[in-house]
Protein chains: 2
Amino acid sequence: MTDPAPEAPARGAKAVAQRAGVSVTTVSRVLRGQDVAISEATKQRVLAAAKELRYRPNSLAVALRKGHTRAIGLLVPDIADAYFHQLARGLEDAAQEAGYTVVLCNTDRQPAKERSYVELLADQQVEAIVFAGGGIDEDAHLTDFPWHGIHVVAIGPHRLDCPSVRVDDAGTIELAVDHLVEQGSTRILCLAGRPSWLINEERLRGYRQAVERHGLELDPRLVRTGDFSVEAGCSSTRAALDEGVEFDGVMAFNDYTAIGAMQAVTEHGRRVPEDVVVVGCDDIPVSSLVSPRLTSVSFPQYEFGRAAMEVILEMATGKVATPVRQFAYHLEVRESSSRRL
Amino acid sequence: MTDPAPEAPARGAKAVAQRAGVSVTTVSRVLRGQDVAISEATKQRVLAAAKELRYRPNSLAVALRKGHTRAIGLLVPDIADAYFHQLARGLEDAAQEAGYTVVLCNTDRQPAKERSYVELLADQQVEAIVFAGGGIDEDAHLTDFPWHGIHVVAIGPHRLDCPSVRVDDAGTIELAVDHLVEQGSTRILCLAGRPSWLINEERLRGYRQAVERHGLELDPRLVRTGDFSVEAGCSSTRAALDEGVEFDGVMAFNDYTAIGAMQAVTEHGRRVPEDVVVVGCDDIPVSSLVSPRLTSVSFPQYEFGRAAMEVILEMATGKVATPVRQFAYHLEVRESSSRRL
DNA sequence: CTGAAAGCGCTAACAT
DNA sequence: ATGTTAGCGCTTTCAG
């Protein structure tokens with residue numbers, strides 16, 4: 001008399017199947033194409049039904065079944081740092097083209113945060129994780145991680161044994177120091193990052209090599225550490241100035257720091273570039289907006305992002321991924337370092 | 001004689017169950033806590049087994065079963081635009097605290113891209129989608145979308161009938177124009193965005209209201225549209241200057257545009273703020289780095305992001321979400337508008 | 001050319 | 001207090 005089950009309306013592929021009068025298997029086959037042959041008639045019926053029902057496969061179910069998602073995690077120290085914008089954009093653009101999705105994670109370069117994100121991403125079965133911005137000295141929190149099928153790519157130097165996309169960080173700084181020397185600098189204030197950052201390690205090596213090569217004195221008081229912020233650049237420079245440390249050039253390891261340095265120099269009554277020439281690194285967009293406009297080492301961050309995605313696609317298709325993709329860099333000479341401009 | 005099945009080693013919860021000598025149900029119960037009572041003994045055994053196997057539940061399976069993920073999609077016009085950094089950071093920080101994950105999508109304000117992302121996110125069963133940066137005039141590509149269980153929040157004005165987090169956009173511009181008038185401006189060049197952007201519509205209303213209120217002439221040649229970029233601000237201002245349109249103040253609807261305007265004004269041989277006072281809106285970090293430092297209307301973008309997450313959490317727990325969360329704004333007066341500074 | 005059945009890894013009813 | 005069963009929505013053998 002009474003229906004044993006109220007028979008809830010079918011959802012998903014099953015609904016399409018009912019409407020087209022076929023099995024879910026057939027629906028799946030038609031919608032994915034590239035399978036065994038299907039008669040034109042049923043194919044059309046399924047397509048029509050799917051369209052009417054606005055059917056779209058549940059990615060979760062597909063991923064669970066297939067064993068892999070089309071999501072990738074992007075770990076950056078801080079998305080508010082301009083260094084990562086073009087990179088994130090490039091990765092995201094390339095990801096979208098390939099039908100992938102990007103999960104954004106800010107780590108503040110804290111191992112604990114990084115670790116917890118990696119776990120979260122692994123739980124979500126992401127297909128790959130991109131570490132951007134360079135790793136840190138002790139990456140023990142990652143080396144013992146059970147990566148299983150997760151592909152890993154680093155943008156910048158990293159302790160992890162994975163393909164990387166990068167620039168010759170020591171080289172960028174050498175190039176910049178060469179330029180400072182050409183401009184007549186003999187005592188170059190070096191505004192570095194944190195000692196534990198690998199990127200800092202490399203850039204510092206570049207500074208040391210160039211300074212030695214030019215036969216300049218390697219005064220330890222000329223090397224200062226900071227957190228790559230405008231404030232850090234400003235206070236480090238101010239400190240050097242207050243301590244009476246002489247310098248006629250500033251080599252900042254990133255642009256924010258360089259901008260802070262220019263502020264401190266100016267505030268101290270000295271002129272850029274007449275009294276002190278300043279060069280930064282990364283060439284973020286702000287650098288051409290401040291005044292004097294900042295000279296900086298430039299390299300294609302947007303392409304870093306795209307390249308990272310390409311590497312992921314290589315790995316996903318089982319190819320042997322290019323272990324290191326190194327990009328070219330050049331100096332964007334602007335007012336802050338050019339006494340003749 | 002031969003084993004019927006090679007008996008692949010169990011994975012996931014099943015492996016933990018075997019190791020602890022219990023059923024997967026028990027494993028599930030123990031690991032989630034908050035269920036029926038479990039004897040202390042088995043609980044410890046399960047916990048130990050899970051730990052040894054470094055077991056973590058597969059989020060995909062959990063989501064498929066429970067019918068909802070803990071992911072949210074963030075749609076921004078362009079993550080390279082500083083306006084969205086603090087916002088993205090705020091959302092992401094709050095999301096992480098709540099165990100959620102943020103999928104980043106750049107739309108370039110293109111309906112097609114927006115639509116395709118929304119579909120992709122819906123396929124992935126995200127729990128919510130955040131539209132940031134204000135919608136566009138014809139959001140037909142979204143109004144007919146089958147949202148089903150997906151929560152929607154807008155940061156800024158939007159045509160969609162959803163909770164929103166925002167500032168009084170007309171009010172921000174009115175405040176800024178009031179300030180320009182106080183500084184003695186009587187002919188204020190208005191650098192607007194695209195007519196189809198809702199945020200532009202509102203800001204334009206603010207400009208008109210303030211201009212009328214002060215009894216100033218509403219010269220159509222003083223209103224220019226652009227895409228919110230430095231270049232647009234620069235070329236629009238240059239055009240006005242070249243056409244001989246008189247103005248002694250600039251009201252730019254965003255900071256990039258204002259910076260471009262300052263460049264054009266300076267390049268034309270006129271001084272900021274002596275000859276022309278300039279005010280922007282949004283108060284992005286660069287504004288205090290350019291020179292002259294830019295006066296701008298400030299409001300807490302970081303909090304916008306956090307608030308959006310709060311609204312999502314409200315909706316997810318079935319509460320009635322606050323329909324509109326409006327934040328305060330104030331003018332950050334700097335050199336570009338202060339003839340007395 | 002098409003369908004039935006098994007199962008991805010998990011949780012929720014329903015037993016016991 | 002614990003286990004058995006069913007099923008989330010899909011793809012993939014395996015059979016016709």
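Every chain is numbered from 1, with letters handed out A, B, ... down the list of sequences.
- One can place NE2 of A/His148 at 16 Å from P of C/dC8, the figure rounded to the nearest angstrom.
- Look at CZ on B/Arg65: it is 8 Å from P on C/dA13, rounded to the nearest Å.
- Evaluation of the salt bridge (charged side-chain N to carboxylate O under 4.0 Å, His left out) rule for B/Lys14 yields no partner, not counting sequence neighbours.
- Under a 4.0 Å N-O distance rule, the pair A/Arg89/B/Asp108 qualifies as a salt bridge.
- For the atom pair NE2 (A/His85) and CZ (B/Phe84), the distance works out to 12.0 Å, reported to the nearest 0.5 Å.
- Between B/Glu119 and B/Arg115 there is a salt bridge, with a side-chain nitrogen of the basic residue lying less than 4.0 Å from a carboxylate oxygen of the acidic one.
- Aromatic ring pairs are classed by plane angle as parallel below 30°, tilted from 30° to 60° and perpendicular above 60°; the pair B/Phe131 and B/Trp147 is perpendicular.
- Base engagement by A/Thr25 is indicated by at least one non-hydrogen atom pair under 4.0 Å involving a base atom.
- Over its full length, the helix from C/dC1-D/dG16 to C/dT16-D/dA1 turns its helical axis through 50°, comparing axes from the five pairs at each end and rounding to 10°.
- Ranking C/dT11, C/dA5, C/dC1 by closeness to the A/Ser39 side chain, first place goes to C/dC1.
- Between the CG atom of A/Asp123 and the P atom of C/dC10 there is a distance of 10 Å, given to the nearest Å.
- Summarising the geometry, the separation between CZ on B/Arg32 and C1' on C/dC10 is reported as 9 Å, rounded to the nearest angstrom.
- To the nearest 0.5 Å, the span separating CD1 on B/Ile72 from CZ on B/Arg70 amounts to 11.0 Å.
- The distance between atom NZ of A/Lys43 and atom P of C/dC1, rounded to the nearest whole Å, is 10 Å.
- Separating the CD atom of A/Glu40 from the C1' atom of C/dT2 is a distance of 16 Å, rounded to the nearest angstrom.
- Contact footprint of chain A on DNA chain D: nucleotides with an atom under 4.0 Å from a non-hydrogen protein atom, first to last in 5' to 3' order, D/dG9 to D/dT12.
- Position along DNA chain C of the nearest nucleotide to B/Gly12 versus A/Val24 favours A/Val24 as the more 5'-ward residue.
- The line from CE of B/Met315 to CD1 of B/Ile312 is 8.0 Å long, rounded to the nearest 0.5 Å.
- The nearest whole Å value for the distance from the CD atom in A/Gln124 to the C1' atom in C/dC10 is 15 Å.
- A/Ile38 has its CD1 atom 8 Å from the P atom of C/dC1, to the nearest Å.
- At a threshold of 4.0 Å, the pair A/Asp137-A/Arg159 counts as salt-bridged, since one of the basic side-chain nitrogens sits closer than that to a carboxylate oxygen.
- The base of C/dG3 sits within donor-acceptor range of the side chain of A/Arg29, with an N or O pair under 3.5 Å.
- Salt bridge present: B/Arg325 and B/Glu314 bring a charged side-chain N and a carboxylate O closer than 4.0 Å.
- Using a 4.0 Å heavy-atom criterion, one finds that A/Leu64 contacts the bases of the nucleic acid, with or without backbone contacts as well.
- If you find the closest nucleotide of DNA chain D to B/Thr26 and to A/Tyr55, the one lying nearer the 5' end belongs to B/Thr26.
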